[in-house]
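Worksheet for the structure shown next.
By convention in this document, chain letters (A, B, ...) are assigned in the order of the sequence lines, proteins followed by strands, and residues within each chain are numbered from 1.
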Amino acid sequence: MSVKVRFAPSPTGFLHIGNARTAIVTWLFARKMDGHFLLRIDDTDRERSKEKYEMAIEDGLRWLGLNWDEKANQKDRMARYDEIIEKLKSDGRLYACYETPEELGLKRKTQLSRGLPPTYDRAGLELSEDQIKKYEAEGRKPHWRFKLNHEPIEWNDHIRGDVRYEGKDLTDPVVLREDGSPLYHLCSVIDDVDFEITHVVRGEDHVSNTATHVQMFEAISGKVPEFAHLSLIADAEGGKLSKRLGSLSVKDIQESEGLEPMAIVSLMARLGTSDPIEAFGDLKPLIDSFDFSKFSRNPPKFDTDELIRLNSKILHETDFSDVETRLHDMGLKDIDADFWKGVRSNLEKLEDIQQWWDIIHNPVAANMNEEDKSFTANAANLLPEGPWNENTWNEWIGKIKEATDRKGKTLFMPLRQALTGMDHGPELPVLLPLLGPEKTKQRLQG
RNA sequence: GUCCCGUUCGUCUAGGGGUCUAGGACACCGCCCUUUCACGGCGGCAACACGGGUUCAAAUCCCGUACGGGACGCCA
């Protein structure tokens with residue numbers, strides 16, 4: 001049986017870091033298993049679902065490099081949901097309840113204050129004809145719950161191992177709103193059945209939902225998929241993902257933070273696994289090494305510093321051809337492959353390249369003593385006459401070495417200072433051709 | 001409040017009773033290479049949450065406590 005998975009975001013906001021992790025892990029599993037990846041937009045909540053979010057989610061996934069084999073929207077499948085709802089009603093698995101949200105809230109409060117778990121008391125199941133008539137006369141409309149069988153529910157989770165719930169400890173989930181619209185639980189299960197999903201991968205906040213879903217799968221198709229529940233990531237202090245991090249969207253990371261997609265993917269694919277967190281330039285090695293058994297049940301801490309670290313590593317190994325367009329878009333048109341190669345190991349984020357571009361194009365302030373100043377001024381006179389290219393540097397340095405007794409740091413540092421005003425940076429042989437003879441001479445002479 | 005899951009170097013983790021004076025990766029520190037940065041090489045620092053059991057023997061099994069995460073919606 002071939003693997004089919006789905007990533008099912010609801011378009012009620014941007015793709016945030018936690019979603020992204022689920023998407024990445026699900027995708028890697030699909031590709032590892034040579035399976036099928038379905039992007040399912042869970043837009044049953046018509047009020048909160050927005051098309052702009054749907055677009056942003058797609059953009060985010062594309063930016064991360066996660067392609068999908070198929071896409072579906074729940075809002076297009078309402079007729080199918082109705083069909084199943086009718087079937088479940090006639091099977092006696094759905095029952096009508098007439099409590100208002102306020103009444104339910106009150107019930108919960110009472111249970112809580114008595115130290116009881118706030119589960120539904122199934123009052124709807126015991127309503128007499130008269131009571132129902134009375135409610136209807138009051139203008140009440142029913143919402144419908146799925147009736148759970150009171151029996152053990154078990155599955156072998158790919159991450160959590162054996163999981164067991166007792167049906168009697170769970171609340172019968174509401175699957176149909178008062179207004180007749182179906183809720184997430186049912187839609188999700190129906191879709192998983194219809195799209196023949198073999199593995200449901202999602203966050204551990206869904207574990208108890210899964211227990212009820214298992215019975216829904218059994219009631220609808222008699223077949224239950226496999227499950228993998230990822231632990232949720234925590235912030236660097238080990239607490240709940242803070243507002244800042246929790247709301248850190250893929251869009252922010254891309255636009256405001258200026259990070260490379262593979263930095264995120266590298267981190268999210270390995271965080272919480274026993275594989276080392278390393279910077280990868282492409283998805284292939286992550287696919288190859290993917291295995292659910294490597295995932296821990298602990299909530300791992302997510303640290304943005306780690307993202308930056310991976311980002312610089314990735315940049316240091318990125319080929320010019322992969323950034324050429326972006327550099328041009330930044331207005332840095334005279335950067336070529338040689339310059340890129342010389343400068344990339346000094347970058348943490350791509351935008352840092354601006355600084356080096358400025359150093360070439362705008363005046364710099366050198367920080368040197370008088371002795372060094374006269375040294376660089378003399379060095380200016382030794383500049384080769386010939387064509388100005390990548391050999392210029394070696395030729396020049398050779399001449400300086402002949403003319404003076406400087407070597408090592410005392411030779412190179414003053415030159416670097418005079419030419420760039422910094423004591424670190426890209427290799428000078430690379431900078432020289434970009435600077436050109438005039439600027440070089442000028443700067444050496446102060 | 002109830003239920004579920006977890007707790008090993010700063011971080012991600014390996015570990016399923018003796019092979020653990022607890023292994024790896026990243027970070028950090030030092031040295032080497034190097035004009036700087038980066039890369040690479042070598043070395044170092046550094047952890048079993050706590051308390052009780054069980055056992056000849058516990059990081060490993062059991063119970064409790066503490067702490068963290070999750071769930072308990074006519075959200076997904």
Side-chain angles (χ1 to χ4, degrees), chain A residues 8-13 19 42-45 47-49 74 97 99-101 104-105 108-109 111-120 141-145 159-161 163-166 169-171 173-185 187-188 202-209 211 229 231-234 236-241 267 270-279 294-303 305-306 309-310 312-313 315-317 342-347 397 406-417 420 422-428:
Chain A
S10 62
T12 55
N19 290 345
D42 281 10
D43 48 8
T44 50
D45 190 336
E47 290 280 304
R48 297 192 301 146
S49 297
Q74 290 195 323
C97 300
E99 295 90 348
T100 63
L104 287 173
R108 265 179 227 117
K109 232 176 121 185
Q111 287 167 312
L112 243 27
S113 70
R114 289 167 55 198
L116 297 169
T119 49
Y120 181 59
K141 290 225 172 68
H143 57 276
W144 295 72
R145 287 182 189 264
I159 293 171
R160 300 170 70 84
V163 182
R164 185 188 161 100
Y165 279 85
E166 291 296 335
D169 294 337
L170 300 166
T171 285
V174 176
V175 294
L176 252 190
R177 287 192 182 90
E178 184 189 314
D179 67 6
S181 60
L183 259 0
Y184 160 77
H185 297 284
C187 303
S188 176
R202 48 171 43 153
E204 76 169 7
D205 50 336
H206 280 287
V207 174
S208 62
N209 288 338
H229 290 90
S231 60
L232 269 25
I233 49 182
E237 282 74 49
K240 257 182 231 191
L241 212 54
L267 179 58
R270 300 279 240 214
L271 188 66
T273 75
S274 53
D275 274 333
I277 295 165
E278 294 171 293
K294 292 173 179 171
F295 282 78
S296 156
R297 286 195 258 185
N298 301 5
K301 295 170 194 65
F302 167 67
D303 187 352
D305 290 348
E306 192 108 39
R309 212 197 82 238
L310 292 169
S312 37
K313 276 227 160 126
L315 245 23
H316 298 171
E317 285 164 15
V343 85
R344 65 180 182 181
S345 65
N346 289 273
L347 305 177
I397 288 300
R406 290 206 185 213
K407 58 180 183 180
K409 247 182 195 175
T410 54
L411 166 63
F412 294 103
M413 273 320 235
L415 298 176
R416 176 175 286 286
Q417 266 296 337
T420 67
M422 315 259 301
D423 54 15
H424 67 95
E427 291 176 42
L428 292 171

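Residue-level contact check: A/Arg108 touches the backbone only, with heavy atoms under 4.0 Å from sugar-phosphate atoms and none from bases. As judged by a 4.0 angstrom heavy-atom cut-off over every strand, A/Gln111 is placed among residues making no nucleic acid contact. Residue-level contact check: A/Thr44 touches the backbone only, with heavy atoms under 4.0 Å from sugar-phosphate atoms and none from bases.
For B/C39 and B/C28, the P atoms lie 10 Å apart once the distance is rounded to whole Å. Using P as the reference atom, B/G53 and B/A58 are 12 Å apart when rounded to the nearest Å. A gap of 11 Å separates the P atoms of B/U60 and B/U7, to the nearest Å. Comparing B/G40 with B/A47, their C1' atoms are spaced 29 Å from each other, to the whole Å. When the C1' atom is compared between B/A27 and B/C12, the two are found 11 Å apart, to the nearest whole Å. Here, B/G52 and B/G18 have their P atoms 23 Å apart, quoted to the whole Å. Atom name P, nucleotides B/C48 and B/G43: the rounded distance is 25 Å, in whole Å. If you take atom C1' in B/C32 and the same atom in B/A38, they sit 16 Å apart, rounded to whole Å.
Between A/Tyr184 and A/Ser10, every side-chain heavy-atom pair lies at or beyond the 4.5 Å cut-off. A heavy-atom distance below 4.5 Å is found between the side chains of A/Ile397 and A/Leu415. You'll find the side chain of A/Pro299 stays beyond 4.5 Å of the side chain of A/Leu232, heavy atoms only. The shortest distance between side-chain heavy atoms of A/Leu315 and A/Arg344 does not fall below 4.5 Å. Taking 4.5 Å as the limit, every side-chain heavy atom of A/Asp169 sits out of range of all side-chain heavy atoms of A/Thr119.
For the pair A/Arg160 and B/C5, the criterion of a side-chain N or O lying under 4.0 Å from OP1 or OP2 is not met. Using a 4.0 Å cut-off, no side-chain N or O of A/Arg297 falls inside it from OP1 or OP2 of B/U13.
For B/G16, the glycosidic angle deviates from 0 by 90° or less, giving a syn base.
Taking NE2 of A/His229 as the start and CZ of A/Arg202 as the end, the distance is 4.5 Å to the nearest 0.5 Å. The line from CZ of A/Arg270 to CD1 of A/Ile277 is 9.0 Å long, rounded to the nearest 0.5 Å.
The partner of B/C20, taking Watson-Crick or G-U wobble pairs whose two distances both stay under 3.5 Å, does not exist in any strand shown. With a 3.5 Å ceiling on both atom-pair distances, B/U36 lacks any Watson-Crick or G-U wobble partner. Under the Watson-Crick or G-U wobble criterion, with both distances below 3.5 Å, B/G51 is paired with B/C63. Across all strands shown, B/C72 is found opposite B/G1 as a Watson-Crick or G-U wobble partner, with both distances under 3.5 Å.
Taking atom CG on A/Asp43 and atom P on B/C75, their separation rounds to 15 Å, with Å as the unit. A/Leu116 places its CG atom 21 Å from the P atom of B/A71, with the value rounded to the nearest Å. Taking atom NZ of residue A/Lys109 and atom P of nucleotide B/G73, one finds them 15 Å apart after rounding to whole Å. The CD-P distance, from A/Glu204 to B/C72, rounds to 12 Å in whole Å. A/Leu183 places its CG atom 5 Å from the P atom of B/A76, with the value rounded to the nearest Å. Counting to the nearest Å, the P atom of B/C75 and the CG atom of A/Leu176 are 12 Å from each other. The distance from atom CG of A/Leu232 to atom C1' of B/C5 is 12 Å, rounded to the nearest whole Å. Whole-Å rounding puts the A/His206 NE2 to B/C72 C1' distance at 15 Å.
Residues that satisfy the ring-ring contact (aromatic ring centres under 6.0 Å, His included) test with A/His143, not counting sequence neighbours, are absent from this structure.
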Check your understanding: Quick one: what's the B/S/- string for nucleotides 34-39 of chain B, heavy-atom cutoff under 4.0 Å, read 5' to 3'?
Key -> -BBBSS
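Within 6.0 Å of atom NZ in A/Lys294, more than 12 heavy atoms from other residues, nucleotides or ligands are found, so the atom counts as buried in its surroundings.
In this structure, a donor-acceptor pair under 3.5 Å is present between the side chains of A/Arg177 and A/Ser181.
The 5' end of RNA chain B is approached more closely, in terms of each residue's nearest nucleotide, by A/Arg114 than by the other of A/Lys294 and A/Arg114.
Comparing B/C74, B/A76, B/C4 by their nearest atom to the side chain of A/Tyr184 picks out B/A76.
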Using a cutoff of under 3.5 Å, can you pull out all pairs of nitrogen or oxygen atoms linking the protein to nucleotides 8-12 of chain B, with atom names and distances?
from: B/C12; atom 1: OP1; to: A/Lys301; atom 2: N; distance (Å): 3.2
from: B/C12; atom 1: OP1; to: A/Lys301; atom 2: NZ; distance (Å): 3.2
from: B/C12; atom 1: O3'; to: A/Gly272; atom 2: N; distance (Å): 3.3
from: B/C12; atom 1: O2'; to: A/Gly272; atom 2: N; distance (Å): 3.2
from: B/C12; atom 1: O2'; to: A/Thr273; atom 2: O; distance (Å): 3.0

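Within the 3.5 Å criterion, the main-chain N or O of A/Gln417 finds no donor-acceptor partner in the side chain of A/Thr420.
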